[in-house]
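Just the heavy atoms: all of them, side chains too, but no hydrogens, waters or symmetry mates, feed the values below.
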Amino acid sequence: MSSPGDGDGKRLEGPPEGPKDFIRAIVERDLKAGAHRSVVTRFPPEPNGYLHIGHAKSICLNFGIAKEFGGRCHLRFDDTNPSKEEQEYVDSIQADVRWLGWDWGGHLYFASNYFQQLFEWALHLVRTGKAYVCDLPADEVRRYRGTLKEPGRESPFRNRSAEENLDLFLRMKAGEFADGSRTLRAKIDMAHPNLNMRDPVLYRILHAEHHRTGDAWCIYPMYDFAHGQSDAIEGITHSVCTLEFEDHRPLYEWFIENLPVPHKPRQYEFARLNLTYTVLSKRKLLELVNKGYVSAWDDPRMPTLAGLRRRGYTPEAIRAFCDRIGVAKSNSTVEVETLEGCLRADLNRTALRRMAVLHPLRVVVTNYPEGKAEELEVPNNPEDPAAGSRAVPFSRTLYIERDDFREDPPKKFFRLAPGREVRLRAAYFITCQEVVKDETTGEVLELRCTYDPETRGGSAPDGRSPKATLHWVSALHAVDAEVRLYDRLFTKANPDDYPEGEDYKANLNPSSLVVVPAAKLEPALAFVRPGDRVQFERLGYFCADPDSTQAHPVFNRTVTLRDTWAKIEAAQAKR
RNA sequence: UGGGGAGUCGCCAAGCGGUAAGGCACCGGUCUUUGGAACCGGCAUGCGGUGGUUCGAAUCCACCCUCCCCAGCCA
């Protein structure tokens with residue numbers, strides 16, 4: 001617990017250039033006006049699921065503000081509902097926030113740590129006649145609440161004496177009553193146009209084991225009664241939440257005004273993130289996990305931070321994404337391409353280049369000596385000379401990508417075809433002399449090519465330059481690996497756009513995972529460790545999966561490279 | 001038809017009375033030993049609509065339209 005503006009957070013660089021979002025503008029204004037010594041924010045997840053990319057937006061906002069303005073940001077678990085919350089989630093949430101690159105210092109809190117204080121504040125409301133014990137069952141409470149257009153009716157228990165309410169509430173706490181039999185409610189206004197103000201429930205009876213407080217309590221505070229007061233206890237200056245809580249702000253303020261809290265925080269709301277081709281509702285993500293549509297919370301197709309991490313996303317890319325999309329109040333759906341763009345920008349700078357052939361087609365270099373092998377020096381990253389180079393073996397029998405050969409090449413197809421010369425990356429120019437096919441099926445089995453010894457390293461003394469450069473792997477030296485080709489989880493930009501009688505799961509992408517059991521990798525790839533990210537030249541960025549072992553390497557496709565040829569081909573197909 | 005919000009380029013998003021930033025996407029081009037990257041150029045006489053105020057309006061006023069959220073003892 002601490003007073004606002006202790007300022008023990010990290011002091012780093014100042015605010016970024018360019019226009020500020022409206023929340024940062026408010027913080028800056030308040031600080032300039034001297035309303036606070038320093039800014040204190042908080043990220044308040046409920047430990048009932050894994051964090052996803054939408055949470056990342058909130059995390060980067062809250063921790064980002066604290067960092068930019070020299071304040072601090074608390075990590076607080078909003079654990080007021082023991083029936084849904086688990087320790088596994090509090091662990092994963094901490095791991096994910098850290099992975100994203102943020103640090104809450106010593107400021108780790110739990111709303112459940114405030115249960116005693118909240119209880120005493122409830123007592124205060126009871127004593128001052130502002131709360132009462134209501135015996136109405138849940139469905140009756142609902143009926144008495146009224147509707148959107150009709151006012152509610154007062155509970156028959158609304159005018160109990162403070163003494164009776166005190167007695168009853170104490171007995172609720174003592175465990176004398178069954179779950180759901182009574183609630184403690186605020187006495188506000190059953191005719192209020194804002195339904196949240198129609199005598200909201202403060203406490204409910206729940207004889208449930210809490211992941212932190214065990215069986216110490218059998219009454220638990222509702223979100224509304226816990227959140228603002230927790231902010232007050234921690235000295236939060238700017239309590240930032242999403243738009244759906246806008247309607248709760250009057251209640252938030254009512255508690256702050258009617259309770260002897262040590263500090264008055266203010267709530268601000270911004271639009272939550274929506275992303276195309278995925279879902280970000282905890283209910284749906286939980287269903288995908290529980291019903292086995294994905295393997296787990298960290299399935300690389302999941303928009304969870306754990307999933308993105310396993311997929312190969314970097315924290316830097318996710319933070320850049322959060323900066324790029326901005327913060328505002330209008331509902332918005334960001335195209336997933338924006339996220340992928342941030343990822344490619346980061347990986348392009350940092351990922352080492354390697355060669356891997358996913359769908360091998362054998363090439364025999366007929367004029368290359370049998371039994372000979374040589375090593376070619378290939379740069380690790382053309383974007384970064386400091387990344388150095390590695391040796392790649394070349395020999396008479398190679399694999400190239402099946403997609404890189406066409407017997408009957410269409411217009412603008414620059415790759416290998418009968419009689420055509422192409423460059424093998426960092427190796428030699430080869431010319432296709434002969435196509436060996438299965439006589440019955442017509443399948444291309446092998447290409448017989450010749451190479452030009454003068455082009456070692458990939459350039460010709462006479463200056464000629466093929467239009468295409470192909471990646472390749474020496475058959476003799478190749479390492480086999482499993483490669484998991486991931487694609488978007490849903491086929492529709494908006495998964496909630498589904499046919500009558502179906503649900504969002506009807507839009508699940510049946511090809512979101514395609515396994516290539518035996519891709520051919522250059523030998524350097526045998527030494528990667530789980531989590532290592534590389535670019536398979538011309539194919540995309542890949543990340544070694546935790547399932548990967550020396551004997552059985554496994555790579556996940558993080559994202560493809562931009563593919564201009566695919567675009568051209570698609571356009572040709574249309575015509 | 002109660003209350004609370006929002007409408008600026010395909011997608012985000014600045015702008016706060018002085019004549020429409022930026023990013024992503026897209027389209028051209030240059031360059032290239034990744035059809036990658038990089039680089040250059042194009043991309044809203046227009047800001048949900050209609051009136052009004054003003055020398056001047058995306059910004060102010062009025063009315064209207066559309067979309068989102070709220071009737072958990074979830075958060």
Side-chain angles (χ1 to χ4, degrees), chain A residues 18-21 44-46 48 78-81 83-85 134 136-139 141-143 145-152 179-185 192-198 200-206 220 222-224 226-227 241-250 269 271 276 282-283 323-342 344-345 348-349 353 355 378-379 382-383 412-415 423-427 429 455 457-459 465-471 493 535-540 560-568:
Chain A
K20 281 182 197 52
D21 59 72
E46 182 189 14
N48 68 344
D78 229 333
D79 55 351
T80 57
N81 184 357
S83 62
K84 291 186 176 174
E85 297 152 6
C134 179
L136 252 22
D139 57 325
V141 170
R142 191 182 321 122
R143 302 236 308 261
R145 187 154 33 226
T147 67
L148 294 180
K149 36 199 318 196
E150 294 154 9
D179 285 5
S181 60
R182 278 172 234 262
T183 54
L184 181 74
R185 295 226 257 163
H192 199 109
N194 181 339
L195 304 217
N196 293 123
M197 300 297 272
R198 321 242 262 227
V201 171
L202 270 30
Y203 271 88
R204 74 286 217 183
I205 302 172
L206 229 46
Y220 290 92
M222 298 289 290
Y223 163 84
D224 287 305
H227 201 94
C241 62
T242 44
L243 253 28
E244 66 271 27
F245 292 101
E246 228 157 359
D247 286 343
H248 293 244
R249 198 187 330 134
E269 310 87 10
T276 55
K282 278 197 190 176
R283 196 209 101 225
D323 281 347
R324 183 174 288 182
I325 58 177
V327 177
K329 293 198 72 158
S330 64
N331 292 314
S332 59
T333 301
V334 177
E335 293 173 333
V336 72
E337 289 83 351
T338 304
L339 212 210
E340 293 171 344
C342 292
R344 291 192 182 106
N348 178 52
R349 288 185 2 244
R353 272 56 171 177
M355 290 197 284
V378 185
E383 299 293 318
K412 293 189 184 170
F413 181 90
F414 304 144
R415 282 112 93 148
R423 170 166 41 230
L424 293 180
R425 171 100 239 245
F429 294 179
T455 59
S459 55
S465 183
K467 291 197 90 168
T469 300
L470 311 186
H471 60 280
Q535 182 195 101
F536 288 174
E537 290 213 38
R538 300 208 308 133
L539 296 177
T560 61
L561 255 29
R562 284 186 64 232
D563 189 347
T564 304
W565 164 242
K567 229 177 273 181
I568 294 169

Presence of A:Lys329 side-chain N/O under 4.0 Å of B:A13 phosphate oxygens OP1/OP2: no
Whole-angstrom distance between B:U50 and B:A25, as gauged at atom C1': 33 Å
Which part of the nucleic acid does A:Ser83 contact within heavy-atom distance under 4.0 Å: base, sugar-phosphate only, or nothing? nothing
Can a donor-acceptor pair under 3.5 Å be found between the side-chain atoms of A:Arg415 and the base atoms of B:G35? yes
So what does A:Arg185 touch, heavy atoms closer than 4.0 Å: a base, only the sugar-phosphate, or nothing? nothing
Which whole-number value in Å describes the distance from A:Arg349 CZ to B:A38 P? 12 Å
Identified pairing partner of B:A38, criterion: Watson-Crick or G-U wobble below 3.5 Å: B:U30
With side chain to side chain contact (heavy atoms under 4.5 Å, CB included) as the criterion, how do A:Glu46 and A:Asp79 come out once you've worked through the C-alpha distance, each side chain's angles and the decisive distance to 0.1 Å? CA-CA 6 Å; A:Glu46 182 189 14; A:Asp79 55 351; over 6 Å; no
Under 4.0 Å, heavy atoms only, any strand: does A:Pro151 hit a base, just the sugar-phosphate, or nothing? nothing
Check whether any side-chain heavy atom of A:Asn81 lies under 4.5 Å from a side-chain heavy atom of A:Leu206, and answer yes or no. yes
What's the closest nucleotide to the A:Asp78 side chain, out of B:A75, B:G3, B:C12? B:A75
Suppose you measure atom P in B:A21 against the same atom in B:C43; what distance do you get, rounded to whole Å? 11 Å
If anything within 90° of 0 is syn and all else is anti, what is B:G36? anti
Tell me if the aromatic rings of A:Phe413 and A:Trp565 count as close, with their centers under 6.0 Å from one another. yes
Which is true for A:Leu339 with a 4.0 Å heavy-atom rule: it touches a base, it touches only sugar-phosphate, or it touches nothing? nothing
Parallel, tilted or perpendicular: which one describes the rings of A:Phe245 and A:Tyr223, with boundaries at 30° and 60°? tilted
I want to check one thing: is the phosphate of B:G36, taken as OP1 and OP2, less than 4.0 Å away from some side-chain N or O of A:Arg353? no
Counting only Watson-Crick pairs (N1-N3 plus N6-O4 or O6-N4) and G-U wobbles (N1-O2, O6-N3), all under 3.5 Å, who is the partner of B:C60? B:G52
Contact class for A:Arg562 (heavy atom, under 4.0 Å): base, sugar-phosphate, or nothing? sugar-phosphate
Output the rounded distance in Å from CG (A:Leu561) to P (B:U32). 19 Å
Looking at every strand, decide which applies to A:Glu537 at a 4.0 Å heavy-atom threshold: base, sugar-phosphate, or nothing. base
Atom NZ of A:Lys20 and atom P of B:G22 are separated, to the nearest Å, by 19 Å
Please measure how far the P atom in B:G48 lies from the corresponding atom in B:C9, and state the result in whole Å. 8 Å
Whole-Å distance, A:Asp224 CG to B:C70 P, equals 14 Å
For a quick check of understanding: with a heavy-atom distance under 4.0 Å over all strands, which category does A:Met197 fall into, base, sugar-phosphate or nothing? nothing
Short question: side chain of A:Arg423, backbone of A:Phe429 - any donor-acceptor pair under 3.5 Å? no
Interatomic distance, A:Glu335 CD vs B:C11 C1' [rounded to whole Å]: 4 Å
When both hydrogen-bonding distances must be under 3.5 Å and the geometry is Watson-Crick or G-U wobble, what is B:U66 paired with, if anything? B:A6
Any donor-acceptor N/O pair, A:Thr276 side chain to A:Val336 backbone, under 3.5 Å: yes
Between B:G35 atom C1' and A:His471 atom NE2, what is the distance in whole Å? 13 Å
Tell me which one of A:Glu269, A:His248, A:Glu246 satisfies side chain to side chain contact (heavy atoms under 4.5 Å, CB included) with A:Cys241. A:Glu269
Can you figure out which of B:C12, B:G4, B:G35 approaches the side chain of A:Thr564 most closely? B:G35
What's the gap between B:C67 and B:A62 when it is taken at their C1' atoms, as a whole Å value? 22 Å
So A:Thr183, base contact, sugar-phosphate only, or nothing? Heavy-atom distance under 4.0 Å. base
base_contact_polar (B:G36 base, A:Gln535 side chain, donor-acceptor, <3.5 Å): no
Using atom P in both nucleotides, what's the gap between B:C68 and B:G29 to the nearest angstrom? 42 Å
Let me know the distance between CG of A:Asn81 and C1' of B:C73, rounded to the nearest Å. 10 Å
Please give the distance between the C1' atoms of B:A13 and B:U8 as a whole number of Å. 9 Å
Is the backbone of A:Glu150 close enough, under 3.5 Å, to the side chain of A:Thr147 for a donor and an acceptor to pair up by distance? yes
Give a yes or no on whether a donor-acceptor pair under 3.5 Å exists between the nucleobase atoms of B:G3, that is its base, and the side chain of A:Asp247. yes
Between B:A6 and B:G10 - P atom distance, rounded Å: 23 Å
Intermediate values then yes/no, side chain to side chain contact (heavy atoms under 4.5 Å, CB included), A:Arg249 and A:Asn196: CA-CA 9 Å; A:Arg249 198 187 330 134; A:Asn196 293 123; over 6 Å; no
Judged by nearest nucleotide, the residue sitting upstream toward the 5' end of RNA chain B, A:Arg425 or A:Leu243, is A:Leu243
Expressed as a whole number of angstroms, how long is the span from A:Asp563:CG to B:C26:P? 12 Å
At under 4.0 Å between heavy atoms, what does A:Glu383 touch on the DNA or RNA strands: base, sugar-phosphate, or nothing? base
Separation of the C1' atoms in B:A14 and B:G52, to the nearest angstrom: 28 Å
Check every strand shown and say whether A:Phe429 touches a base, only sugar-phosphate, or nothing at a heavy-atom separation below 4.0 Å. nothing
Hey, which of these two, A:Ser181 or A:Thr469, hits RNA chain B nearer its 5' end, going by closest nucleotide? A:Thr469
Residue A:Asn348, side-chain atoms from C-beta onward, closest of B:C74, B:G7, B:G36: B:G36
Regarding A:Gly341, tell me which of base, sugar-phosphate or nothing describes its non-hydrogen contacts under 4.0 Å with the strands shown. nothing
From CG (A:Leu136) to OG (A:Ser181), nearest 0.5 Å: 12.0 Å
What pairs of nitrogen or oxygen atoms, one from the protein and one from nucleotides 64-68 of chain B, lie under 3.5 Å apart?
from, atom 1, to, atom 2, distance (Å)
B:C68, O2', A:Asn331, ND2, 3.2

Check if the side chain of A:Glu337 and the base of B:G10 share a donor-acceptor pair of N or O atoms closer than 3.5 Å. no
Across the strands shown, which category fits A:Ser459 at heavy-atom distances under 4.0 angstrom: base, sugar-phosphate, nothing? base
Among B:C11, B:C73, B:A75, which is the nearest nucleotide to the side chain of A:Glu46? B:A75
Heavy atoms under 4.0 Å, any strand shown: does A:Ala328 hit a base, just sugar-phosphate, or nothing? sugar-phosphate
Quick test of your reading of the model: are A:Arg425 and A:Glu537 salt-bridged, counting only N-O distances below 4.0 Å? yes
Flag, side chain of A:Arg185 to backbone of A:Pro200, donor-acceptor distance under 3.5 Å: no
If the cut-off is 4.0 Å, is A:Ser330 near the phosphate of B:A13, judged by side-chain N/O to OP1 or OP2? yes
Looking at every strand, decide which applies to A:Pro45 at a 4.0 Å heavy-atom threshold: base, sugar-phosphate, or nothing. nothing
